[in-house]
Amino acid sequence: MTRLQAPRGTFDVQPADARRRLRLLRIAAELFGRAGYEPFETPVFEDTELFARGVGESTDIVQKEMFTFEDKAGRSLTLRPEATAAMCRAYVEHGMHKLAQPVKLWTWGPFFRHEAPQAGRFRQFTQLDVEALGSDEPSVDAELILLLAQLIEQAGAGPARLRLSSLGTPETRADYIDELTAYLRQREGELSEDVRARLDQNPLRAFDADHAGTQAVMAQAPRLLDRLAPEDTEHFEEVQALLDEAELPYEIDSTLVRGLDYYTRTVFEFESERLGAQAALGGGGRYDRLVEELGGPPTPANGWAAGIERILLAADSPDEPAPRIYLALAKPDAVREAFALARRLREEGIRVEMEQAGRSMKGQIKHADRIGARATVIVGDAIEVKDMDSGKQSPADGADDALARVRELLA
Ligand code: HAM
């Protein structure tokens with residue numbers, strides 16, 4: 001029989017990592033909650049059409065990376081490659097425009113993209129995603145950017161470089177894209193084959209090219225930031241002013257290209273200096289037209305997502321498990337007493353495991369040592385407490401005294 005393994009680009013999360021992930025989740029929930037964001041969950045799969053329309057037909061995600069399948073009724077479904085389209089679908093589906101605006105939501109869970117796996121890039125990965133729907137105020141942009149900066153810092157994944165830009169409205173962008181395409185056509189001979197092939201589909205991607213000739217052409221290309229409408233420039237300046245006020249450093253980077261089509265106005269990305277090629281810890285921006293495109297009322301909105309695996313790769317801080325206590329059985333019929341004592345200690349908030357593998361007394365002490373127990377409570381005709389550091393063992397005067405002694409050792 002062939003040995004079964006986790007599918008390519010996926011991984012098991014073992015306890016040491018699982019603890020770090022949970023700790024990050026707690027940090028996130030606390031941070032987002034304080035800024036008024038509520039937890040929310042959407043399904044792991046959706047109608048394929050949602051992503052085709054929401055993320056954009058010309059994106060790599062929709063063209064190459066979706067895990068799409070047919071259900072038994074012949075419907076085309078897709079494992080979600082990102083959260084924003086589904087959050088907007090949910091906003092429309094539940095009539096959330098009738099709630100107090102902005103509606104602030106966050107979610108976390110598995111996402112799926114059929115990419116070539118490498119360090120920091122997986123086919124199943126985990127995002128923390130934060131969205132604010134129903135406000136075009138620049139303070140929402142700045143608030144969201146700060147939240148991601150704080151998350152990265154509190155996770156110990158800093159320092160991270162913040163790149164910031166504005167894409168303006170779809171109309172400005174369309175005019176700009178015409179201008180850029182015309183410019184690229186003039187210098188077509190100097191561009192990479194790949195960029196040439198996609199020139200009409202997505203000329204903005206040329207800013208991302210590794211090809212030296214293309215890079216030289218792009219260095220002189222017209223910049224979208226210089227073409228923004230006055231109200232978009234003003235909006236962008238206010239976002240910057242708020243970030244300045246918060247003393248959050250950023251770089252204006254007019255070449256910032258996000259891999260999704262729905263963005264308008266502010267876009268941003270945080271990159272870690274500690275990661276290799278896949279350095280983006282998280283990114284996002286405004287998507288002022290998406291809710292409407294998905295059938296809702298005009299609803300300016302804004303958000304970001306961050307990759308948990310990348311944040312934890314950059315953080316490399318271990319999560320120490322809580323100190324543990326072992327309950328050993330000096331005789332087999334001490335099980336009930338030990339079981340009751342374990343319950344009692346757990347109710348008191350102490351991490352306790354009891355003997356459950358039929359070991360000899362010697363084997364139990366060896367096991368307690370191996371798992372790094374701080375103390376072993378031995379239950380038999382009497383209760384004894386063994387300090388595993390000093391090796392000292394002494395009788396306790398009943399369960400209350402054993403508890404008090406354990407507390408002392410854990411203090
Ligand atoms: P994104 O930039 O495609 O944005 O993904 C956000 C983050 O998810 C990335 O910065 C990265 O950390 C992580 N990520 C993406 N793909 C992978 C992968 N294959 N393996 C590991 N980590 C990955 C979005 O998804 C947008 N929905 C963000 C957003 C929310 N914009 C507005 N609202």
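Because only heavy atoms are used, hydrogens play no part in the values below, and waters and symmetry mates are left out as well, while side chains stay in. Numbers here are sequence positions counted from 1. Indexing begins at 1, ligand by ligand and atom by atom, following the structure's order. Computed from a predicted model, the values in this text were never measured in an experiment.
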>> With a 6.0 Å cut-off on the ring centroids, do Y37 and W106 count as close?
In response: no
> Which residue owns the protein heavy atom closest to atom 32 (C) of ligand 1, what's the atom, and how far is it?
Replying inline: G303 O, 3.2 Å
>> Between D141 and R265, does any side-chain N to carboxylate O distance fall below 4.0 Å?
In response: no
>> Please list, in number order, the atoms of ligand 1 under 4.0 Å from a heavy atom of D129.
In response: 30 (C)
>> Among all the protein's non-hydrogen atoms, which is closest to atom 21 (C) of ligand 1, and how far away is it?
In response: G120 O, 3.3 Å
>> Using a plain distance cutoff, I'd like to know if N302 has any nitrogen or oxygen under 3.5 Å from a nitrogen or oxygen of ligand 1.
In response: no
>> Between S192 and D194, is there a side-chain donor-acceptor contact under 3.5 Å, judged purely by atom types and distance?
In response: no
>> Any nitrogen or oxygen of V130 lying under 3.5 Å from a nitrogen or oxygen in ligand 1? Just yes or no.
In response: no
>> How far is atom 1 (P) of ligand 1 from the closest protein heavy atom, and which atom is that?
In response: R258 NH2, 3.6 Å
> Which residue and non-hydrogen atom of the protein lie closest to atom 20 (N) of ligand 1, and at what distance in Å?
Replying inline: F122 N, 2.9 Å
>> Salt bridge check, D129 against R80: does any charged N sit closer than 4.0 Å to a carboxylate O?
In response: no
> Tell me: protein heavy atom nearest atom 31 (N) of ligand 1, and distance?
Replying inline: Y263 OH, 2.6 Å
> Against heavy atoms of Y287, which atoms of ligand 1 measure under 4.0 Å?
Replying inline: 32 (C), 33 (N)
> When you measure from the centre of the six-membered ring of Y176, is the NZ or CZ of R227 under 6.0 Å away and within 45° of the axis?
Replying inline: no
>> Tell me if a side-chain donor or acceptor on H235 pairs with a main-chain N or O of D136 at a distance below 3.5 Å.
In response: yes
>> Please check whether G307 reaches ligand 1 - meaning an N/O of the residue sits under 3.5 Å from an N/O of the ligand, judged on distance alone.
In response: yes
> Does any N or O atom in L281 lie less than 3.5 angstrom from one in ligand 1, N or O only?
Replying inline: yes
> In terms of residue, atom name and distance, what is the protein heavy atom nearest to atom 5 (O) of ligand 1?
Replying inline: Q127 NE2, 3.2 Å
> Evaluating non-hydrogen atoms only, which member of G285, A314, A305 is closest to atom 6 (C) of ligand 1?
Replying inline: A305
> Quick one: which of E82, R113, R121 has a heavy atom closest to atom 3 (O) of ligand 1?
Replying inline: R113
>> I need the nearest protein heavy-atom contact for atom 14 (N) of ligand 1: residue, atom name and distance, please.
In response: F125 CE1, 3.6 Å
> Could a heavy atom of E115 be found less than 4.0 Å from some atom of ligand 1?
Replying inline: yes
> Would E131 and V103 satisfy side chain to side chain contact (heavy atoms under 4.5 Å, CB included), going step by step from the backbone distance to the final call?
Replying inline: CA-CA 8 Å; E131 312 285 355; V103 174; over 6 Å; no
> So, R359 and E355, do they make that salt bridge, N to O below 4.0 Å?
Replying inline: yes
> Less than 4.0 Å between a side-chain N and a carboxylate O, is that true for E143 and K104?
Replying inline: yes
>> Between R163 and E269, does any side-chain N to carboxylate O distance fall below 4.0 Å?
In response: yes
> Are G282 and ligand 1 in contact, using a heavy-atom cut-off of under 4.0 Å?
Replying inline: yes
> Taking non-hydrogen atoms only, is E131 closer than 4.0 angstrom to ligand 1 via side chain, backbone, both or neither?
Replying inline: side chain
> Is the closest side-chain donor-acceptor distance between T126 and E309 under 3.5 Å?
Replying inline: yes
> Which protein heavy atom lies closest to atom 26 (C) of ligand 1, and at what distance to 0.1 Å?
Replying inline: Y262 OH, 3.3 Å
> So, are R289 and E171 salt-bridged, with charged N and O less than 4.0 Å apart?
Replying inline: yes
> What atoms of ligand 1 come within less than 4.0 Å of a heavy atom belonging to G284?
Replying inline: 31 (N)
